[in-house]
Amino acid sequence: MGEFSTADYRYMARAIQLAKRGLYTTDPNPRVGCVMVHFDGSAEGSIVGEGYHVRAGEPHAEIHALKAAGSAAQGATAYVTLEPCSHTGRTGPCAVALAQAGVARVVVAMGDPNPQVSGGGIEYLKAAGIQVQVGLLEADARALNPGFISRMERQRPFVRLKMAMSLDGRTAMGSGESQWITGPQARTKVQRLRARSSAILSGVESIIMDDSRLTLRADQLALDNAAEIVQRQPLRVILDSRLRLPLAAACLREPGRTLIITTDQHSEEKRRKLAAAGAEIQVLPAEGGRIALADMLRWLADNEQVNELLVETGATLAGALLEANLVDELQLFVAPTLLGGEARPLFALPGITQMADQKRLTIKESRTVGQDWWITATPHAD
């Protein structure tokens with residue numbers, strides 16, 4: 001990894017801070033920041049240009065920083081949160097642009113997780129005579145892009161399961177009535193979880209019960225650029241083995257795409273009607289009469305470039321994902337209310353019959369949002 005100075009840490013931290021500005025807008029690309037610094041004999045240095053990746057199809061962070069620096073890029077040190085690309089996609093290769101600008105040193109937080117291009121940008125820069133160091137604040141850089149990294153390294157999205165519950169662990173009344181358990185501040189947090197996600201996944205039973213729209217809403221996001229963010233609606237994915245989604249479902253009338261994943265290969269008339277109502281249909285293999293969840297996740301990664309998948313669903317699908325060890329993170333919103341023993345539980349986990357079978361979680365963070373609690377947790381590895 002090499003030796004890094006205090007100034008190196010400071011400028012990479014700034015690059016990571018810049019990358020976070022693209023939290024809701026870069027999908028399916030990674031969030032990346034870049035800072036150009038001139039030292040001129042000083043150990044402290046001074047920033048001559050900086051930038052971040054704003055959205056897919058537009059210039060990468062390095063290009064924005066180089067443009068801001070202009071001729072001052074000559075002899076500068078570039079701090080980049082992700083290895084500069086060496087291939088031509090919708091934009092030109094950043095490694096080439098850095099070399100052509102005369103940058104003397106490049107500090108990279110982490111290599112490109114894409115195995116097809118990993119190391120290519122670093123090797124290009126080294127071959128051009130540029131000093132390259134890798135690994136500064138790598139953990140922080142990886143935290144910027146859990147979904148992109150997951151898609152590249154595991155060929156599936158990062159799965160984030162969101163659940164809202166009462167203090168006694170219930171999500172809805174026995175009748176299905178569920179709006180609203182939590183308060184407006186918690187709902188704003190949920191909107192921001194949706195905004196950072198490539199797709200939102202739900203089961204058809206939840207859609208039938210709640211008629212959920214699964215959309216971003218500018219008024220609830222409570223961000224200065226909310227109107228811009230909601231222009232990219234996350235893909236809505238509904239698991240519907242037997243094509244039971246009502247043709248009048250609200251999600252079919254919302255902006256953006258609604259994708260129904262099913263195992264039903266025979267109901268041609270229902271498929272045609274759903275397509276006419278605005279849905280896209282994808283038939284995937286069955287496993288025990290249900291959609292094979294691991295295959296579904298891989299399909300979303302391969303065919304829809306889904307990085308972060310937000311799951312908003314009922315107890316059955318939530319439990320099945322947990323049981324299959326396909327949940328990476330839980331976002332739990334707990335309201336200070338009691339719904340009683342007849343209300344619906346958070347998870348359906350029929351395999352748990354004794355204490356030895358329990359599913360333990362690690363609490364990563366907890367805080368209050370309005371009158372509710374917000375808990376971020378991860379499942380223990382089996």
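What's counted below: heavy atoms across the whole structure, side chains too, no hydrogens, waters or symmetry copies.
Applying the salt bridge (charged side-chain N to carboxylate O under 4.0 Å, His left out) test to every pair with at least one member in residues 233-244, sequence neighbours left out, gives these pairs: Glu205-Arg244. Sorted by first then second residue, the ring pair (Phe, Tyr, Trp, His ring centres under 6.0 Å) pairs that include residues 300-343, not counting sequence neighbours, are Phe333-Trp374. Sorted by first and then second residue, the pairs that involve residues 95-121 and meet salt bridge (charged side-chain N to carboxylate O under 4.0 Å, His left out), not counting sequence neighbours, are Asp8-Arg105.
In this structure Arg196 satisfies the salt bridge (Lys or Arg N to Asp or Glu O under 4.0 Å) test together with Glu308, sequence neighbours excluded. With sequence neighbours excluded, the residues forming a side-chain contact (heavy atoms from CB on, under 4.5 Å) with Ala7 are Ser5, Arg10, Tyr11, Phe39, listed by chain and number. Residues forming a salt bridge (Lys or Arg N to Asp or Glu O under 4.0 Å) with Arg253 (at least two apart in sequence, or on another chain): none. Residues meeting the side-chain contact (heavy atoms from CB on, under 4.5 Å) test with Lys67, sequence neighbours left out: none. Glu83 meets the salt bridge (Lys or Arg N to Asp or Glu O under 4.0 Å) test with no other residue; sequence neighbours excluded. Residues meeting the salt bridge (Lys or Arg N to Asp or Glu O under 4.0 Å) test with Arg298, sequence neighbours left out: none.
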Name the atoms and distances for all side-chain donor-acceptor pairs under 3.5 Å in residues 120-132, with sequence neighbours left out.
none

For residues 279-294, which side-chain donor-acceptor pairs fall under 3.5 Å, sequence neighbours excluded?
unit_1: Glu280; atom_1: OE1; unit_2: Arg257; atom_2: NH2; d: 2.9
unit_1: Glu280; atom_1: OE2; unit_2: Arg257; atom_2: NE; d: 2.8

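Summarising the hydrophobic clusters (Ile, Leu, Val, Met, Phe, Trp, Tyr; side-chain heavy atoms under 4.5 Å, direct or chained), the residues clustered with Tyr24 are Leu23, Leu216, Leu221, Leu223, Ile229, Val230.
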